[in-house]
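Structure first, commentary second.
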Amino acid sequence: MISEARRQKAMEIIRGFPQKSSAVIPLLHLWQDEEGYLSDDAIAEVAEIMGMPPAEVQEVVSFYSMFHRRPLGRYHIEVCRSLSCALMGGRDILDHLRRRLGVGLNEPTPDGLFSVGAVECLARCDLAPVGQVNLEYTDRLTPEGVDRLLADLRARAEGGGAGA
Amino acid sequence: MIHLTVDGRAVEVPEGTLILDAAKEAGAEVPTFCYHHLMRPVAACRMCLVEVERRPKLEPACAVTVAEGMAVHTKSDRVLAARRGVLEFLLAQHPLDCPVCDKGGECDLQDNTMNHGRFRSRYEDPKIKKRKRVPLSDLVVLDEERCIVCQRCTRFMEEVVEDPQLALRQRGAYTAVSTFPGRPFDSLFSGNTIEMCPVGALTSRPYRFRARPWDNRTAESVCTHCPVGCNLAAQERDGSMVRVLSRENPDVDGGWLCDRGRFGYRWVHHPRRYLAPLGRERASRRETPLVWADALEQARAALKAAGPRTAVLGGGRLTAEGQMAARRLVEALGTELVDHRTGALRFATPPGPRARIADLDRADRILLLGVVPESDVPVLDLRIKAALRAGARLAVVGERRTLGERAAATALVPPRGLGAAVEALAEAVARPPAAAGAEGVEAVAQVVAEGERVVVLWSGEAGGAALARLVQALGERLVGTLVTGGAPSAQGAARAGLERGRAGEILAAAAQGDVEALVLLDDLFEDAPDPDLVRRALERVPFVLALAHLPTESAARADLVLPLAAPVEMSAHVVNLEGRVQPIAALLPPPGEARPDWEVLLDLAGAVADRDELVAAYRALPEPAFVAEEEEAPAPPPPGALVAVSGRIPFDSGVRWEEGLRTRLPRPYAAVHPDALARLGLRPGEAARLKGGGFEGEVEVRADDSLPVDSVFLPRGVIGLPAGRLHGLAVELEAVAAAAAAGEA
Amino acid sequence: MPEGGAATAFEPVLFKDIDTPELYRRQVYEAHEGYAALRRALGGEGSERMTPEAVLEEVRVSNLRGRGGAGFPTARKWQFLPPPDGGPRYLVCNADESEPGTFKDHEILRKNPHMLIEGMILAGYAMRATRGFIYLRGEFAQPKRVVDAAIREAYEAGYLGRDILGSGFDFDLSTYLGAGAYICGEETALLDSLEGKRGFPRLRPPFPAVAGLYGRPTVVNNVETLANVPAIVRRGGAWFASLGTERSGGTKIFSISGRVARPGNYEYPMGTPLRVLLYEAAGGPLPGRAFKAVIPGGGSAGLLVPSQFDLPMDFEPIAQAGSMLGSAGVIVMDDSTCMVRAATWLMEFYADESCGKCTPCREGTKWLEMALERIETGRGTPDDLELLQGLPGQILGNTFCGLGDAAVGFLMSAVRHFWPEFEAHVAEGRCPSGGDGR
Ligand SMILES: Cc1cc2nc3c(=O)[nH]c(=O)nc-3n(C[C@H](O)[C@H](O)[C@H](O)COP(=O)(O)O)c2cc1C
Ligand code: SF4
Ligand code: FES
């Protein structure tokens with residue numbers, strides 16, 4: 001069931017466009033922001049509000065790399081693997097993180113705290129290697145730096161804080 | 001006209017022609033995959049790249065139109081290299097499982113590779129794993145690895161059906177066709193995607209592994225499931241019919257088939273087909289096979305004795321030849337107790353001019369009177385959508401909403417309210433235009449009155465006299481009317497004069513003992529407005545003769561059954577709703593001793609004629625004249641009552657004879673508006689008791705927001721549900737549990 | 001400056017005040033001539049007010065060319081719009097900035113959003129558009145917040161909305177966040193995405209100018225392109241033209257990244273030699289390293305070798321050298337860089353980002369990615385080398401949109417300039433380039 005508050009928000013988003021169809025990506029962002037990923041139910045809900053067949057909404061979801069169909073870690077850490085960052089060691093950071101956490105890409109750690117993803121050029125190549133934690137940028141990554149980052153995030157999670 | 005050269009040959013083609021077609025004109029075959037002549041080009045596969053002088057890049061011939069002085073090369077080294085490149089890329093991820101692929105022998109990828117490819121692929125990496133044998137529905141199965149992402153199927157669902165249940169998933173090399181998880185591909189037009197798929201990615205579940213195309217024999221036939229008469233190619237192998245393909249006729253079907261027509265062919269092999277004449281003893285119900293000579297003698301004797309007290313009912317499913325032969329029989333008997341309109345059809349002939357199907361393409365206004373195209377004439381639903389995309393506007397008067405928001409105006413009328421609504425419409429159209437913001441019939445009138453080329457689709461079930469007045473009011477602006485109601489060849493039956501009385505009155509007379517013999521040319525039950533009356537009539541008439549293929553409820557009650565050949569078992573003609581006479585060719589011999597309808601009817605009439613004579617005689621008949629007839633206004637239902645409305649559905653109980661479609665067999669159901677459902681305290685899917693008009697039975701409840709809140713929709717042609725009889729009557733619907741509790745109290 | 005040219009003196013346009021604290025706030029922007037151009041064009045009374053044609057004329061004279069990559073003359077693009085028919089017309093700002101090695105738009109959006117907004121209002125006025133969208137790539141959630149706040153401020157100040165500055169001109173503007181797809185930088189795929197679909201490029205014709213967003217006349221322009229418009233209107237097209245070369249007016253932001261001492265965004269006049277950018281701006285190679293190759297225009301461009309460093313950075317000269325100026329994302333590789341590896345990384349990107357619509361790009365990038373990966377990790381065969389020679393030519397020029405050409409641009413140039421390195425990977429099963437290569 002879609003909460004009334006979210007339905008209201010959705011309606012407001014739809015009203016902001018000259019044509020309703022444009023609202024589907026913003027609505028998917030809204031659902032994913034609140035639920036962490038896009039389940040079949042989430043897609044069916046968005047489809048219902050949009051008056052679109054769910055297959056078409058799924059088509060949109062599966063096309064865009066930032067939409068996730070499975071839950072990720074509470075902190076999803078992504079590292080850029082494109083050329084400028086790779087030239088400055090970005091891919092080593094990625095390997096380092098995966099080794100540290102013992103997970104594959106986009107696969108949460110058993111405690112659900114972390115997941116690691118590879119992303120393409122984030123348009124901050126001057127600060128390579130660049131990454132993001134729950135979509136907030138972080139840059140000039142080093143192996144020691146990401147170890148500290150993991151420790152900080154873990155401490156924050158244990159301290160009951162939320163978000164990145 | 002545009003002048004250009006293709007491979008040095010000069011051609012002249014109309015402006016706007018695609019290079020692809022201009023090349024064909026010049027005798028150059030350009031290979032394609034994604035292009036489909038019935039859809040907009042997407043230029044995605046890049047197979048059709050050709051060289052155009054003075055343009056830097058190769059151009060997709062499927063999407064670029066000709067220009068004056070253009071010089072096109074379809075066989076230059078650059079073109080051949082690009083073509084081989086595209087093929088090599090397509091084959092890179094392709095499973096190359098042609099030996100076990102259903103499409104083998106009619107696969108564009110196979111053909112294009114033979115004609116344009118290189119034979120050694122350099123691809124040696126492991127292929128991307130995708131899903132194999134994914135059942136999208138009970139009719140269509142998908143092999144993702146074979147898909148070449150031409151998007152024909154998804155574009156068909158989006159562009160033509162306007163119901164994009166199929167969509168792409170993922171991107172890049174992982175792109176695949178997909179439905180939404182857990183939702184089957186549920187479209188009346190799904191089978192077309194199988195035929196359009198250029199490779200073996202979408203295949204037919206009923207056809208799977210049954211045959212290889214080169215083993216199939218084909219006959220050109222016409223679909224007899226509805227009045228459109230779509231052209232099809234029927235195929236058999238080893239005496240067994242294996243599939244149906246479209247045989248595009250732009251004037252009739254526009255290249256499409258609905259799933260009923262495409263998959264509804266296995267009934268001809270049903271084990272209960274009548275193979276020989278059959279005598280039946282009434283009391284004991286004992287059946288005895290007869291030889292034709294004896295059966296015919298018995299029949300002729302009985303009919304002769306009854307003479308003008310013989311009733312002849314049905315005939316809307318006969319071939320044109322059969323309809324002519326039936327006319328001879330009727331003349332020989334001298335009876336007036338004749339009617340093919342055994343269902344809800346009242347007027348087979350429209351007042352004013354008849355329309356042609358292709359007129360829809362040029363119409364600027366389309367008016368539906370009591371017609372739900374998707375159920376009644378499915379392929380016209382696609383044609384209407386195309387017309388609306390091209391700018392026509394749609395106005396609907398009916399008991400159910402149809403085509404949703406595509407309709408510019410809809411007047412929802414109460415059950416049996418069609419006649420009055422058409423009357424009001426005729427009046428409103430004749431008046432000066434009403435102010436803007438009108439609703440209902442007034443809004444419909446506004447849409448229609450602005451038209452210059454109006455095409456009307458009419459159920460023919462009510463409102464004849466009113467429509468005659470509307471026709472007059474529209475005058476020159478009316479292109480014509482198509483009558484969609486009745487049996488598939490009702491128009492032929494009407495033209496052959498198989499309507500001399502009223503089926504309802506004839507049955508009533510029969511039930512009273514005023515009829516001595518009854519010839520059944522159709523099953524009377526499936527469409528009957530009053531099955532009880534049919535039952536009583538059949539019991540009372542001393543001699544009932546049925547011409548039939550299968551033990552329908554009527555045939556199973558006849559004293560004598562004469563077995564008929566199915567349409568694919570004879571060469572003859574059938575008539576569609578435009579009155580078009582279309583030939584069908586025999587694919588298979590009739591089973592056992594079954595015979596073509598016209599032969600049997602000529603024998604019964606004691607007449608002699610050959611097929612050509614019958615068709616010639618049919619064609620020589622004048623168009624039947626419209627007979628105006630005032631209808632009695634229905635008694636207004638008690639206020640607040642739920643009133644039943646009945647209508648056709650795409651898959652009715654006829655599918656019980658279809659092995660491939662049996663999962664579509666409908667159970668009796670009743671649909672009501674969601675608000676009404678809530679008011680009744682019912683949930684969709686729940687069982688409920690339906691009561692009214694002396695009927696009481698259990699139905700499944702469905703929600704349907706195309707209905708007015710005070711209507712209950714009951715599907716016609718569903719065994720166990722007398723939808724026709726309840727039409728227009730107040731009914732009650734209550735939860736089974738509640739009914740049980742009330743019973744106990 | 002051992003190898004670089006003389007320090008270049010010029011007036012910056014886009015980065016004039018870029019490091020002013022809180023420039024993203026309207027008052028700060030206004031204190032630096034912000035919205036002066038808009039006031040001049042729309043706010044003046046009666047005859048002083050510039051007509052849309054006058055604004056367009058300044059842009060035409062300015063020789064402003066699209067900064068999104070293709071360098072198409074901006075005024076000419078606006079002129080393609082059919083005459084107004086009373087229906088909506090759209091101006092869409094392409095803030096997708098996904099080209100590898102390009103990060104200039106990000107800086108403008110983050111630090112000086114009002115400059116873009118002012119540019120869009122002026123452009124909208126010139127082309128009589130009624131509504132603007134800023135399409136940001138999905139990863140730009142942070143810049144989106146900055147731009148959204150700036151748009152709100154602009155509405156409050158009456159720069160957006162109805163009857164802007166009493167001119168009778170109405171213009172609405174909002175942002176739109178994508179969701180991760182490089183192809184959505186291609187303008188027709190962007191429009192599909194903005195309409196809520198997967199980002200598939202569209203068949204042309206019809207061109208967006210005739211049937212774009214929602215089938216209505218639409219212009220798509222890059223962030224940097226539009227951000228130049230206020231200065232052009234304020235100081236005149238002729239002034240802007242004089243900053244650049246004969247064919248390309250103004251300055252350009254060069255995003256320099258990779259193996260250089262001082263990576264960053266640098267504004268220089270159009271036509272500045274690559275060498276100046278590499279040495280004067282970016283401080284030359286990393287200590288102890290030597291430049292090996294440079295991509296001048298983002299991941300989609302072919303590479304240039306040190307002997308070509310004196311080329312002026314302008315569309316035609318770079319194209320003539322077999323590469324392209326593109327987005328002017330300058331990616332620098334030095335003697336530690338394995339060219340096979342660089343080619344593999346880039347091919348991974350394009351295989352990942354291919355939309356899947358057309359055969360050569362969908363299948364070809366994946367196949368090349370696999371062949372390159374084998375070669376790079378020492379498992380390649382002579383057959384794989386043959387693929388590198390053959391497959392790119394089967395893609396180039398044959399794909400539906402520019403992504404296919406982009407995907408093979410670097411590889412083809414690397415094969416041309418560094419073929420022995422590819423051969424050595426196969427022959428020796430390892431990288432011969434030393435450095436920190438594997
Ligand atoms: C594959 C591909 C990716 C592109 N990505 C971008 C991009 O990220 N940003 C951009 O401004 N233009 C991009 N473009 C160019 C746009 O299609 C378009 O030409 C540009 O937005 C026009 O703006 P301009 O005239 O101001 O340059 C891309 C083109 C292609 C073919
Ligand atoms: S080149 Fe083809 S597959 Fe690649 S992005 Fe363009 S249309 Fe899509
Ligand atoms: S047939 Fe022309 S691109 Fe596919």
Side-chain angles (χ1 to χ4, degrees), chain A residues 13-14 16-30 32-33 38 46 50 52 56-68 78 80-92 117-130 132 134-137 140, chain C residues 88 90 97-106 131 133 137-142 174 176-182 184 193-200 213-214 216 255-259 262-265 295 299 329 331-334 336-337 341-342 345-346 348-349 352-353 355-356 410 436:
Chain A
I13 290 172
I14 290 171
F17 289 103
Q19 282 192 17
K20 187 177 181 184
S21 69
S22 288
V24 64
I25 291 175
L27 291 195
L28 290 167
H29 276 304
L30 176 63
Q32 178 162 290
D33 287 349
L38 293 167
V46 171
M50 290 296 299
M52 283 164 72
E56 241 190 339
V57 178
Q58 154 159 287
E59 164 166 325
V60 172
V61 170
S62 69
F63 185 81
Y64 295 97
S65 62
M66 292 176 68
F67 288 137
H68 300 287
E78 291 169 302
C80 170
R81 61 170 205 164
S82 293
L83 183 58
S84 298
C85 283
L87 286 168
M88 302 306 285
R91 290 179 176 232
D92 301 334
V119 290
E120 302 294 0
C121 182
L122 290 171
R124 259 348 287 272
C125 323
D126 48 338
L127 306 179
V130 185
Q132 42 184 3
N134 292 357
L135 304 184
E136 301 292 323
Y137 277 38
R140 294 204 169 101
Chain C
Y90 299 104
E97 193 164 65
S98 311
E99 182 67 25
T102 312
F103 45 92
K104 61 194 177 69
D105 298 340
H106 196 185
R131 174 87 148 94
F133 287 96
R137 59 181 295 189
E139 293 84 351
F140 280 4
Q142 288 159 316
S174 57
Y176 189 90
L177 195 61
Y182 166 67
C184 292
S193 180
L194 189 44
E195 287 180 7
K197 304 179 196 143
R198 64 167 33 218
F200 263 2
L213 187 62
Y214 314 126
R216 297 292 310 169
S255 302
I256 308 180
S257 69
R259 314 231 13 123
R262 287 197 305 268
N265 280 322
I295 298 177
I331 309 175
V332 183
M333 288 159 274
D334 65 17
S336 73
T337 308
R341 219 201 295 180
W345 289 336
L346 275 171
E348 277 177 15
F349 172 84
D352 205 25
E353 297 293 350
C355 78
F410 180 83
D436 58 2

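A note on names: the letters A, B, ... follow the listed sequences, proteins ahead of strands, and every chain is numbered from 1.
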Hey, does Gln142(C) have a side-chain heavy atom less than 4.5 Å from the side chain of Tyr137(A)?
yes
Is any side-chain heavy atom of Phe17(A) closer than 4.5 Å to one of Ser174(C)?
no
Side-chain donor/acceptor of Ser257(C) to backbone N/O of Asp126(A), under 3.5 Å:
no
Taking side chain as everything from C-beta outward and backbone as N, CA, C, O, which of these in Tyr182(C) sits under 4.5 Å from a heavy atom of chain A? Side chain, backbone, both or neither.
neither
Sort out for me which of Glu97(C), Glu99(C), Glu348(C), Arg131(C) touches chain A most, counting heavy-atom pairs under 4.5 Å.
Glu348(C)
Do the non-hydrogen side-chain atoms of Phe103(C) and Ser84(A) ever get within less than 4.5 Å of each other?
no
Relative to chain C, which of Glu59(A), Gln32(A), Met50(A) shows the most heavy atom pairs under 4.5 Å?
Glu59(A)
Atom pair CD/CD1 of Glu195(C) and Ile25(A) - distance to nearest 0.5 Å:
10.5 Å
Nearest-0.5 Å distance that lies between atom CZ in Phe140(C) and atom CG in Leu135(A)
13.0 Å
Strictly below 4.0 Å, N to O, side chains only: are Glu120(A) and Arg137(C) in salt-bridge contact?
no
Looking only at atom types and distance, does a side-chain atom of Ser65(A) sit under 3.5 Å from a main-chain N or O of Gly180(C), one as donor and one as acceptor?
yes
Heavy-atom distances under 4.5 Å only: say whether Ser82(A) touches chain C with side chain, backbone, both or neither.
side chain
Does any heavy atom of chain A fall under 4.5 Å from the side chain of Phe133(C), the backbone, both, or neither of them?
side chain
Validation row: Trp345(C), Cys85(A) side chains within 4.5 angstrom (heavy atoms)
no
I'd like to check His106(C) versus Arg124(A) (side-chain heavy atoms, cut-off strictly below 4.5 Å). Are they in contact?
yes
For Glu56(A), which atoms come within 4.5 Å of any heavy atom of chain C: side chain, backbone, both, or neither?
neither
I'd like to know which of Leu213(C), Asn265(C), Asp352(C) tops the heavy-atom pair count under 4.5 Å against chain A.
Asp352(C)
May I ask you to test the Tyr64(A)-Ser193(C) pair for a side-chain heavy-atom distance under 4.5 Å?
yes
Report the option among Pro263(C), Gly196(C), Gly199(C), Ala179(C) that has the most heavy-atom pairs separated by less than 4.5 Å from atoms of chain A.
Ala179(C)
Is there a side-chain contact between Leu177(C) and Met66(A), using heavy atoms and a 4.5 Å cut-off?
no
Part of Ala128(A) lying under 4.5 Å from any heavy atom of chain C
neither
One option among Pro26(A), Ser22(A), Gly16(A), Ser62(A) has the most heavy-atom pairs under 4.5 Å with chain C, and it is Ser22(A)
Identify the heavy atoms of Thr102(C) and Cys125(A) that sit nearest to each other, and give their distance.
N-SG, 4.1 Å
